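This is a predicted model, so every value here is computed, not measured.
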Amino acid sequence: MSATSLLLQLIVILSTARICGWVLRHVGQPGVVGEMAAGLMLGPVVMGALFPSLHAQLFSKSHLEGLSSLSTVGLVLFMFVVGLELRTTQGVRAQLKAAGYVGALSVIVPMVLGLAISPALHPALAPAGVGFWPFALFMAAALSITAFPVMARILKDRGLTRTPFGQLSLGAAAVVDVFAWILLALVVALAGAGEGYAGLLKTTAGVAVLLAVLFFGLKPAFAWILRTRAPDGEPSTTVMASLMIGLLGCAMVTEWLHLHAVFGAFLFGACLPRDDRLLSSLTERIEPISIVVLMPLFFALAGLGTTTHAFSGASIGAMLLIVAVATIGKLAGGAIGARMAGYGWRDSLATGSLMNARGLMELIVMKIGLDAGLIGPELFTMLLVMALVTTAMTGPLINLVMGRAKAPAGAEEAEARAKP
């Protein structure tokens, strides 16, 4: 692939993402929803139908490797900052318990509903040779996903990252990711793909080892480095390089464990010591390039895997069913879990609304299912539409539940900093 082709792809993707983001922000949606919509527009459903020759030449499969690599780097950088910002506002034990309630029910309820609708979807949408249970368990995993980065973007855009329900939702999303990825590894094993049950065992053991190394080894080591080499919160180039090496190393380990690189990036950010000056410095250096340039690439790549067949005939009914079940499962599971943890109904419903945002992580799960042969392009497209719709409704639901007056002081400044 030539550098000219890659640069042209970047220009087209970023221009489309910015235009869609600008349009949707004027109707109250965060910019990330515009980027997801841009991905759908750049795929065969819109651009491929209107300009087939141009689409085939610009986004041929042989020209996508560079985009894929750049998108992964962008996600890793963004999730590192999200991990840095994840701070508990209550006692650690209480926060973990509450996040556990929300996370568990946000997985269980959508999983049950996903299994319930699978008998109706399997005959028409499962690829040839895929048995019922691998297909049904994949649907359960797909509907139970919550998008960590997308949720974080929505919270940042609204200045709600450090509110009690914002912190609870981010913590619960981490719990959801662990459950969902383990389930997904089991599904791939049942389908006869990947590394089978040995891969599942490797993933579980590897996560335990990584957590121990992070919080008992790297955390005190970086606390000493930052205390002695960056006491004012402004890391030197040497300290910055050390942070990036640690970040990329953790991302590489979780990628090897089939948990995706973003999980390791988040854990590395979360293990660093709390320092608001350091957070501000790293945010100013990292976020603009990751949000503005790199993250839209992943949505564009997802859009390239869609098909127009999902928008005709009986497929429309199946798509509406998937969207309805996905929404009900997350809203009910998240809200009930927060209530069980002692939160009021307003914060509980806001938490359920945030857990319904799927975006990015849903796209990763969909891609794994497509590569493993568990789903075809038609169901992939339906799940992409579901991810877009559930993410788009998150903002209006939070406005309905919380009201704009609930944003904390400084929300406007936070929103201005967060917007790409």
Side-chain angles (χ1 to χ4, degrees), residues 98-122 125 132-152 168-191 200 203-204 207 258-260 262-263 266 319 321-338 340 348 351-370 372 374-375 379-380 382-391 393-394 397:
Y101 278 132
V102 175
L105 285 173
S106 291
V107 170
I108 293 171
V109 176
M111 278 181 58
V112 171
L113 294 178
L115 291 173
I117 66 171
S118 291
L121 301 177
H122 179 264
L125 296 176
F132 172 75
W133 281 110
F135 176 86
L137 289 174
F138 175 81
M139 287 300 300
L143 296 187
S144 65
I145 286 293
T146 291
F148 223 45
V150 173
M151 176 193 290
L168 173 65
S169 299
L170 286 171
V175 176
V176 168
D177 273 356
V178 173
F179 286 151
W181 285 114
I182 290 176
L183 174 61
L184 188 63
L186 175 61
V187 173
V188 173
L190 288 174
L200 178 61
T203 297
T204 305
V207 170
H258 303 298
L259 286 176
H260 199 273
V262 296
F263 191 65
F266 169 78
M319 185 186 300
L321 177 63
I322 291 172
V323 172
V325 168
T327 302
I328 293 170
K330 280 297 184 181
L331 287 176
I336 294 171
M340 290 176 62
S348 297
T351 300
S353 301
L354 284 168
M355 299 304 290
N356 193 38
R358 288 176 171 84
L360 179 63
M361 301 310 291
E362 182 70 36
L363 302 189
I364 296 170
V365 171
M366 289 157 44
K367 187 64 166 60
I368 291 174
L370 188 65
L374 291 166
I375 61 174
L379 184 53
F380 179 88
M382 294 179 185
L383 292 174
L384 175 58
V385 172
M386 180 270 288
L388 178 59
V389 171
T390 54
T391 306
M393 69 172 63
T394 300
L397 284 175

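To the nearest 0.5 angstrom, Met340 atom CE is 11.0 Å from Ser348 atom OG. In this structure, CD1 in Ile145 is found 11.0 Å from CG in Leu383, a value given to the nearest 0.5 Å. Here the straight-line distance linking atom CG of Leu121 with atom CE of Met382 works out to 8.0 Å at 0.5 Å rounding.
For Ser106 against Gly333, the heavy-atom pair with the smallest separation is OG-C, 3.9 Å. Of all heavy-atom pairs between Thr391 and Ala387, the closest is OG1-O, 2.6 Å. Of all non-hydrogen atoms in Gly171 and Ala99, the two that sit nearest each other are C-CB, 3.7 Å. Contact between Phe135 and Leu374 at its shortest, heavy atoms only, is CD1-O, 3.8 Å. Between Ile375 and Phe138, the closest heavy-atom pair is CG2-CE2, 3.4 Å. Considering all non-hydrogen atoms of both residues, Pro110 and Ser144 come closest at CB-CA, 3.9 Å.
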Test side chain to side chain contact (heavy atoms under 4.5 Å, CB included) applied to Ile336 and Tyr101, step by step: CA-CA 9 Å; Ile336 294 171; Tyr101 278 132; over 6 Å; no
Chi angles and distances behind the side chain to side chain contact (heavy atoms under 4.5 Å, CB included) call for His122, Met139: CA-CA 10 Å; His122 179 264; Met139 287 300 300; over 6 Å; no
Test log, rule side chain to side chain contact (heavy atoms under 4.5 Å, CB included), inputs Phe266 and Leu170: CA-CA 11 Å; Phe266 169 78; Leu170 286 171; over 6 Å; no
Side chain to side chain contact (heavy atoms under 4.5 Å, CB included) between Ser169 and Val102, worked out: CA-CA 8 Å; Ser169 299; Val102 175; over 6 Å; no
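No side-chain donor-acceptor contact under 3.5 Å links Thr390 and Lys330.
Residues Met366 and Leu379 form no side-chain contact, since every pair of their non-hydrogen atoms from C-beta on lies 4.5 Å or further apart. Residues Pro119 and Phe132 have side chains in contact (heavy-atom distance under 4.5 Å, counting atoms from C-beta outward). Proximity of Val385 to Ile322: side-chain heavy atoms (C-beta onward) are nowhere separated by under 4.5 Å. Leu354 is listed as a side-chain neighbour of Thr394, based on a closest heavy-atom distance under 4.5 Å.
Proximity of a side-chain donor or acceptor of Thr146 to a complementary backbone N or O of Met355 within less than 3.5 Å is detected. Looking only at distances, a side-chain donor or acceptor of Arg358 sits under 3.5 Å from a matching main-chain atom of Ala326.
Of the residues Thr327, Val325, Leu321, the one that meets the side chain to side chain contact (heavy atoms under 4.5 Å, CB included) test with Val323 is Thr327.
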